[in-house]
Amino acid sequence: MKTHYYLGWFNHFFPENLARVLQGDITDRKSLAMISSNPSIYEDNGATERSWFDQAGIMFDEYHLINYRVQKKEAQTTIQHASVIFLLGGDILKLNSFLKEYELSDVIKNSSAVVMGASAGAINMSAKWLCSKSFGDKVETNSVYDGIGLDNISVLSHFDLENNMELVQSELSFLSEEIDIYASNKDCALRVKGDKIDVIGNVYLLSHSKIQKLDETL
């Protein structure tokens with residue numbers, strides 16, 4: 001049964017309940033493959049995200065960072081053999097382009113690894129997502145992008161949701177008629193395992209233009 005984690009952002013470390021569930025889900029710890037969302041900026045090395053695992057006591061034998069320093073074929077092979085695949089936070093559009101250019105989406109979908117994403121990474125894991133100036137994206141017109149499509153949901157992650165509820169609802173209302181949208185801010189996570197969706201932190205579901213806060217389940 002495949003396990004996917006859609007994360008917000010963590011100012012410090014994984015919350016205790018998230019760390020506990022990850023400990024149980026990540027039993028194979030041979031390698032962590034981190035996919036950069038700023039692949040041409042080599043200083044963006046995933047150190048913050050890696051520190052979350054360290055704090056939770058989840059260590060790997062090997063750590064791999066996939067960016068433009070890595071050849072396309074090598075990147076695909078690294079992902080195929082990874083125990084955990086982590087799509088890093090950063091630039092949502094650059095990550096989307098990088099996944100297409102390196103043909104990584106199908107490799108990730110076919111993997112039996114635990115797949116995780118934070119912020120921009122989580123958004124690109126979803127089936128579809130709205131790129132909007134209102135959400136801080138550097139675009140003039142709104143567009144719906146295809147993500148990897150690990151699950152048939154859309155994700156808005158790491159956005160100042162509580163102070164912009166009306167904006168979020170108006171921007172995403174049309175897309176919510178087609179697909180369920182899970183919106184969250186910091187210190188939140190969505191765990192999808194088979195058909196079961198678990199919630200950590202303040203996560204909201206926008207479906208058919210109606211928004212509701214979900215109860216924590218972990």
Side-chain angles (χ1 to χ4, degrees), residues 2 4-11 35-41 44 49 85-109 115-192 195 197-214:
K2 294 188 178 182
H4 308 140
Y5 282 87
Y6 300 79
L7 309 178
W9 195 257
F10 304 98
N11 286 333
I35 302 173
S36 175
S37 61
N38 290 301
S40 58
I41 302 174
D44 282 9
E49 290 93 332
I85 300 163
F86 199 115
L87 289 88
L88 302 178
D91 192 308
I92 185 173
L93 288 168
K94 285 180 182 173
L95 176 55
N96 191 267
S97 297
F98 186 56
L99 291 169
K100 288 175 183 169
E101 184 183 345
Y102 267 46
E103 298 178 25
L104 299 180
S105 292
D106 283 345
V107 183
I108 295 169
K109 281 178 87 168
V115 183
M116 306 175 64
S119 193
I123 292 167
N124 272 296
M125 282 168 58
S126 57
K128 293 182 177 184
W129 52 274
L130 178 69
C131 183
S132 167
K133 191 176 184 179
S134 300
F135 298 154
D137 300 322
K138 294 170 184 172
V139 291
E140 290 304 317
T141 54
N142 289 2
S143 301
V144 174
Y145 280 76
D146 289 327
I148 297 170
L150 293 174
D151 303 287
N152 191 35
I153 60 174
S154 181
V155 171
L156 173 65
S157 176
H158 186 201
F159 183 70
D160 186 13
L161 190 68
E162 289 80 358
N163 296 316
N164 294 282
M165 200 66 79
E166 287 182 11
L167 167 69
V168 168
Q169 202 160 356
S170 64
E171 285 285 286
L172 292 173
S173 186
F174 80 97
L175 186 59
S176 77
E177 296 293 336
E178 181 187 340
I179 191 170
D180 284 348
I181 302 169
Y182 291 85
S184 67
N185 198 352
K186 295 180 180 178
D187 300 316
C188 299
L190 201 68
R191 172 184 181 248
V192 182
D195 296 328
I197 296 179
D198 284 306
V199 171
I200 290 174
N202 295 322
V203 179
Y204 294 78
L205 171 63
L206 182 59
S207 181
H208 298 288
S209 301
K210 293 177 181 171
I211 196 162
Q212 64 173 12
K213 188 174 185 294
L214 299 174

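Just so we're clear, the structure is a prediction, and the values are computed from it rather than from any experiment.
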Is the side chain of Asp137 donor-acceptor paired with the backbone N or O of Ser132 at a distance under 3.5 Å, no angle test? yes
What class does the angle between the rings of Phe98 and Tyr102 fall in, given that below 30° is parallel, 30 to 60° is tilted and above 60° is perpendicular? tilted
Side-chain (Lys2) to main-chain (Lys109) donor-acceptor, under 3.5 angstrom: yes
State whether the side chain of Ser184 and the backbone N or O of Ser157 hold a donor-acceptor pair below 3.5 Å, judged by distance alone. no
Do other residues, nucleotides or ligands put more than 12 heavy atoms under 6.0 Å from the NZ atom of Lys138? no
Mind listing the closest non-hydrogen atom pair of Ser154 and Trp129 along with its distance? OG-CA, 3.7 Å
At what distance, to the nearest 0.5 angstrom, does CG of Leu150 lie from CG of Asn124? 10.5 Å
Check whether Gln169 reaches the backbone of Lys210 with its side chain - one donor and one acceptor, N or O, closer than 3.5 Å. no
Ser37 side chain to Gly90 main-chain N or O, any donor-acceptor pair under 3.5 Å? yes
Gap between atom NE2 of His208 and atom CD1 of Ile179 - 0.5 Å precision: 11.0 Å
Under the rule for side chain to side chain contact (heavy atoms under 4.5 Å, CB included), what residues qualify as partners of Asp198, not counting sequence neighbours? Arg191, Lys196, Thr217, Leu218
Could you grab the distance from atom CD1 of Ile153 to atom CD1 of Ile197, nearest 0.5 Å is fine? 5.5 Å
Stepwise, does the side chain to side chain contact (heavy atoms under 4.5 Å, CB included) test hold for Val107 with Ile85? CA-CA 11 Å; Val107 183; Ile85 300 163; over 6 Å; no
Rounded to the nearest 0.5 Å, what separates atom OG in Ser119 from atom CG in Asp91? 10.5 Å
For Ile181 and Leu205, run side chain to side chain contact (heavy atoms under 4.5 Å, CB included): C-alpha distance rounded to whole Å, both residues' side-chain angles, the deciding distance at 0.1 Å, then the answer. CA-CA 6 Å; Ile181 302 169; Leu205 171 63; 6.0 Å; no
Compare every heavy atom of Cys188 with every heavy atom of Val203, then report the nearest pair and how far apart it is. CG2-CB, 4.1 Å
Looking only at heavy atoms, what is the nearest atom pair of Met125 and Tyr5, with distance? CE-O, 3.5 Å
If you take all heavy atoms of Asp44 and Ser36, which pair is closest and at what distance? O-OG, 4.1 Å
For residues 174-184, the salt bridge (Lys or Arg N to Asp or Glu O under 4.0 Å) pairs (sequence neighbours left out) are Lys128-Glu178
Report yes or no: does Ser105 contribute a side-chain atom to a donor-acceptor pair with the main-chain N or O of Ile148 at less than 3.5 Å? no
Can a donor-acceptor pair be found, under 3.5 Å and without considering hydrogens, that links the side chain of Asn96 to the backbone of Asp146? yes
Just by distance, do the side chain of Asn11 and the backbone of Asp187 share a donor-acceptor pair under 3.5 Å? no
Which pair of non-hydrogen atoms, one from Cys131 and one from Leu93, has the smallest distance, and what is that distance? SG-CD2, 3.8 Å
Hey, is the main chain of Ser170 close enough, under 3.5 Å, to the side chain of Ser173 for a donor-acceptor pair? no
Report the C-alpha separation of Phe174 and Val144 in whole Å, then their side-chain angles, then the decisive distance to 0.1 Å, and conclude whether the side chain to side chain contact (heavy atoms under 4.5 Å, CB included) test is met. CA-CA 11 Å; Phe174 80 97; Val144 174; 3.7 Å; yes
Result of checking Leu130, Leu172, Leu175 against Leu156 for side-chain contact (heavy atoms from CB on, under 4.5 Å): Leu172
Please round to the nearest 0.5 Å and tell me the distance separating atom OG of Ser97 and atom CG of Leu95. 8.5 Å
d(Ile211 CD1, Met165 CE) to nearest 0.5 Å is 5.0 Å
When you look at Ile92 and Tyr145, which way does the side chain to side chain contact (heavy atoms under 4.5 Å, CB included) test go after all the steps? CA-CA 10 Å; Ile92 185 173; Tyr145 280 76; over 6 Å; no
How far apart are the closest heavy atoms of Asn142 and Lys133, and which atoms are they? OD1-N, 3.8 Å
